[in-house]
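Chain identifiers are assigned alphabetically (A, B, ...) following the order of the sequence lines, protein sequences preceding nucleic acid strands; residue numbering begins at 1 within each chain. Excluded from the calculations below are hydrogen atoms, water molecules and symmetry mates; all remaining heavy atoms, backbone and side chain alike, are included.
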Protein chains: 2
Amino acid sequence: MIGGVEARHLRYAIALAEHQHFGRAAASLGIAQPPLSAQIAAVEREVGQRLFDRTPRGVFPTAAGTAFLNRARRALDEISAASVEAGRAARGETGLLRMGFIGSALLDPLPGVLGRFRGSRPDVRLDLREMSSPEAAAALVAGDLDVAVGRGNPRGAGAERLVTVPIGADHLIAVVATSHPFAGRAEITFEQLAAERLIMSAPDQEPAVAAHLRSVFAADTTALEAATTSRDVHTIIGLAACDVGVGLGPARMRLITRGDVWFCDVTPHFRLPDLQLSFRADDTSPVLAAFLDVVRANCRDVGSRLDEVLALHARRSAVPGTTPG
Amino acid sequence: MIGGVEARHLRYAIALAEHQHFGRAAASLGIAQPPLSAQIAAVEREVGQRLFDRTPRGVFPTAAGTAFLNRARRALDEISAASVEAGRAARGETGLLRMGFIGSALLDPLPGVLGRFRGSRPDVRLDLREMSSPEAAAALVAGDLDVAVGRGNPRGAGAERLVTVPIGADHLIAVVATSHPFAGRAEITFEQLAAERLIMSAPDQEPAVAAHLRSVFAADTTALEAATTSRDVHTIIGLAACDVGVGLGPARMRLITRGDVWFCDVTPHFRLPDLQLSFRADDTSPVLAAFLDVVRANCRDVGSRLDEVLALHARRSAVPGTTPG
DNA sequence: CGCCGATCATACGTAGAAAGTATCGCGGTG
DNA sequence: CACCGCGATACTTTCTACGTATGATCGGCG
């Protein structure tokens, strides 16, 4: 019959040690004195040691009692902390959010979203990993990520278990070195691009973008085939600055300010695949819910689909018992 | 109705998280499934959060449940540690022993006693302070010490509340520089001493010794009055080495080996006040009891009074309930 | 598509434990 | 020596955790 020590025993022992008097301790606990005597006797029987010295001048803990009480206080602290932490976790105030994202998302939607999220949930640990959209989708279905920000709708095994919503549209622009003939121009055409050496994201890294581009250059894909590829926008811009070629990327590239490159629109404006946010449809994590709230407040540009989906994911965490207050 | 979370609830929640199945968890707890359901529901009501997701594929903790379980495990660890630590404290295996002692005790009885005590009770914190016998007695009655090792029976307010037992006898010897005429002699007489400049412990530091010496030199105390005084044996020996005079001290001084001094007996052998060990008569500390056990085993030289007193102080820490085993 | 098995929740009676009331025993005190 | 404060004990009452029986729900399978 091991482990019969209950939290009540600890609370009673602590009250007794505080008041050094059975009667007053019992009163402070809202019970009568005899039950307190009985419960203290029960703990002492459980522990196998006398925990209090009953003297005519008061009740004092023995050496064993002192050691016991130290641990008892810590145990009760842990128990109350357990309830508090459970509440915080349920409200999404603590926990972990693992996010995979493509580099270009770091330029526009993520700084605002993550900043506000960190502000409202400072105790949520963020695990941020830059990766390609297919990698992120795979990690999401595998349970290695909680949210993914990428381009294109996730494909592959388990993709149907993901919810994906658009969080940002943009279009294709070009970036060139200031020494390039395009420098200074507000816009260039696709025909002019076809004659240039191109720098773009790798097709296997961002298949949605590559497929999109291929459809634009349908007439002559030789420029695309010969393109230098890279896995992140900073590298594309850096290579363009070296005049390796003409960089192609999302309009949010303009947010990167450096003196050795020139950005110009490509006409006609060609809309890139939307930036999408994905998460598992069956994920009920409150941290995710809190994050989606922030996303909803910050990314209402693309479509009402966001609100619709996120409203659908309103937490069903009702508790059967009495609602406090 | 706050704080209704009981240790049982924690144990049940942890078992449920382990088995991910109400029926098996209940079986592992030795109860039926419905009570487990009821108890889990009770915790969830107490905490105000749903802690487990009941899915067709098993029972899994929610985010709140995970946070709760982490704390719950720690709380249970503290509770079981409380019992263990109480037992250890009751057996005197943990705790604190504050000891005051005179420097000369550090030469003979303390190294053996403290060494064996540390060996048998490695987790007891020792607080050792060198001080004069009267200081130690006062600190003892004030509750600032647990044991005192000194010479002479404690006097002063509260001394009657102390138990004092002899733990070592010795006699007076002299120590001189190797350049002193006494060097090389096996023994000298009190008459010879009377003509020398003396070095001895300060009368206000060790009144028992001083009174003893005064009775010996009753015929002529001028040498005593003119004596250089010091509060510890090492200084007496050091001063003797400088040929400041003839040092007087306990025979256990011989345990200090240094080449520049010579020890010689003083005839007739004059027995010094016994080394005494004192503690509060009402002190029921198991650490003290354990220490007294070691003392009893190591200091059976002086008298049977030690055994007698310590047997009287056999712990009355019986526990009313069932004795384990 | 409907039946069956598994699983958890609900209902209800029971037993045990904790709380309440009354009283006793023990020390210290005037 | 009688009194009083305090904790322990005796006994009753109340509450609650447990057990048995049963219901509701969801997948799986024929």
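At distances below 3.5 Å, not a single donor-acceptor pair connects side-chain atoms of A:T94 with backbone N or O atoms of A:V124.
Residues A:Q39 and A:H9 bring a donor and an acceptor atom of their side chains to less than 3.5 Å of each other. In this structure, a donor-acceptor pair under 3.5 Å is present between the side chains of B:Q276 and B:N153.
A close approach under 4.0 Å does not occur between any side-chain nitrogen or oxygen of A:Q39 and OP1 or OP2 of C:dA17. Using a 4.0 Å cut-off, no side-chain N or O of A:R57 falls inside it from OP1 or OP2 of C:dG28. OP1 or OP2 of D:dA8 sits under 4.0 Å from a side-chain N or O of A:R54. At D:dG7, one or more side-chain N or O atoms of A:H21 fall inside 4.0 Å of OP1 or OP2 (strictly under the cut-off).
For the pair B:F279 and B:D146, the minimum side-chain heavy-atom distance is 4.5 Å or more. Here the side chains of B:L140 and B:R280 are in contact, with some heavy-atom distance below 4.5 Å. Residues A:L51 and A:P61 are not in side-chain contact: their nearest non-hydrogen atoms beyond the backbone lie 4.5 Å or more apart. Counting heavy atoms from C-beta outward, B:F22 and B:R54 have side chains that approach closer than 4.5 Å.
Residues from residues 25-37 of chain A placing a heavy atom under 4.0 Å of any atom in DNA chain C, listed by number, are A:G30, A:I31, A:A32, A:P34, A:P35.
When the P atom of D:dC18 is taken as reference, atom CZ of B:R11 falls 11 Å away, rounded to whole Å. Between the P atom of D:dG5 and the CZ atom of A:R24 lies a distance of 12 Å, rounded to the nearest Å. When the P atom of C:dC8 is taken as reference, atom CG of B:L16 falls 8 Å away, rounded to whole Å. D:dC6 atom C1' lies 10 Å from atom CZ of A:F22, rounded to whole Å. The nearest whole Å value for the distance from the CZ atom in B:R45 to the P atom in C:dA9 is 14 Å. If you take CZ of B:R8 and C1' of C:dA17, they are 11 Å apart, rounded to a whole angstrom. Spacing between atom NE2 of A:H9 and atom P of C:dA17 amounts to 11 Å, rounded to whole angstrom units. Rounded to a whole Å, the CG atom of A:D282 is 17 Å from the P atom of D:dC26.
Counting any heavy atom pair closer than 4.0 Å across all strands shown, A:F52 reaches no nucleic acid atom.
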